[in-house]
Amino acid sequence: MKKITIFLFLLSLFGCSKKIEKPEKFLEKDEMTNLMFELSLLTASRSNYSQDSIFKTVLPQNVLGKYNLDSLSFVELNNYYIQHPEIYAEIYDSINNRLQDRIKYFEGLPEDPRDTITNNQIIKISKFKSILK
């Protein structure tokens, strides 16, 4: 029984330590960060606006296509970066920082976009509306 346990332990140890080579379709860290950022935004938008047909037309395949990847290439690339946890952590830190910057930007916007319109623009808009009547 001990021999079987030791054998299974060694088998799992060596089986898990398989080194994944750099994939054919390789993206550098900055490109991978951009890809993962776009996929994060897509995932968030699809979960928050599932009823809106505009967000249903943007698919992960479209984002992967932008980087000349298919789903299998993305999985291979992701597995490669997972084997390099220091780089993978940098990618996710960068994504997190970019998301925080976006949140700050949108929090700084007025709730009502009309709050940013000046009086001069209001006069132009009212003249335009009167022309349409």
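This one's a predicted model, so the numbers in the text were calculated from it and none came from an experiment.
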Just do the side chain to side chain contact (heavy atoms under 4.5 Å, CB included) check on M36 and F74 with the steps written out, would you?
-> CA-CA 10 Å; M36 298 288 282; F74 173 72; 3.8 Å; yes
What do the steps show when you test N62 against K66 for side chain to side chain contact (heavy atoms under 4.5 Å, CB included), and what is the final call?
-> CA-CA 6 Å; N62 300 46; K66 179 178 172 183; over 6 Å; no
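Residues I82 and L64 are members of one and the same hydrophobic cluster, defined by side-chain heavy-atom contacts under 4.5 angstrom among Ile, Leu, Val, Met, Phe, Trp and Tyr. Transitive grouping of hydrophobic side chains (ILVMFWY, heavy atoms separated by less than 4.5 Å) brings L99 and L42 into a common cluster.
Scanning all heavy atoms of the two residues, the minimum distance from Y80 to H84 falls at O-ND1, 2.9 Å. Across all their heavy atoms, I91 and T33 have their closest contact at CG1-OG1, 3.6 Å. When all heavy atoms of Y81 and L27 are compared, the pair lying nearest together is OH-O, 2.6 Å.
Judged as a side chain to side chain donor-acceptor pair (under 3.5 Å), and not counting sequence neighbours, the contacts of Y88 are N78. Remark: S94 pairs with no residue by the side chain to side chain donor-acceptor pair (under 3.5 Å) rule, at least two apart or across chains. Scanning for side chain to side chain donor-acceptor pair (under 3.5 Å) contacts around N79 gives an empty result, with sequence neighbours left out. Every residue meeting the salt bridge (charged side-chain N to carboxylate O under 4.0 Å, His left out) condition with E90, not counting sequence neighbours, appears here in chain and number order: K29. For Y67, the ring pair (Phe, Tyr, Trp, His ring centres under 6.0 Å) test picks out no residue, with sequence neighbours left out.
At least one side-chain heavy atom of E76 sits under 4.5 Å from a side-chain heavy atom of L72. A 4.5 Å side-chain heavy-atom check between L35 and L69 finds at least one atom pair inside the cut-off.
Among residue pairs with one or both ends in residues 98-107, none qualify as salt bridge (charged side-chain N to carboxylate O under 4.0 Å, His left out); sequence neighbours excluded.
Here CE of M32 is found 9.0 Å from CZ of F26. Values are rounded to the nearest 0.5 Å. Atoms NZ and CG, on K22 and L77 in that order, are 10.5 Å from each other to the nearest 0.5 Å.
Judged by distance alone, the side chain of N96 and the main-chain N or O of Y92 form no donor-acceptor pair under 3.5 Å.
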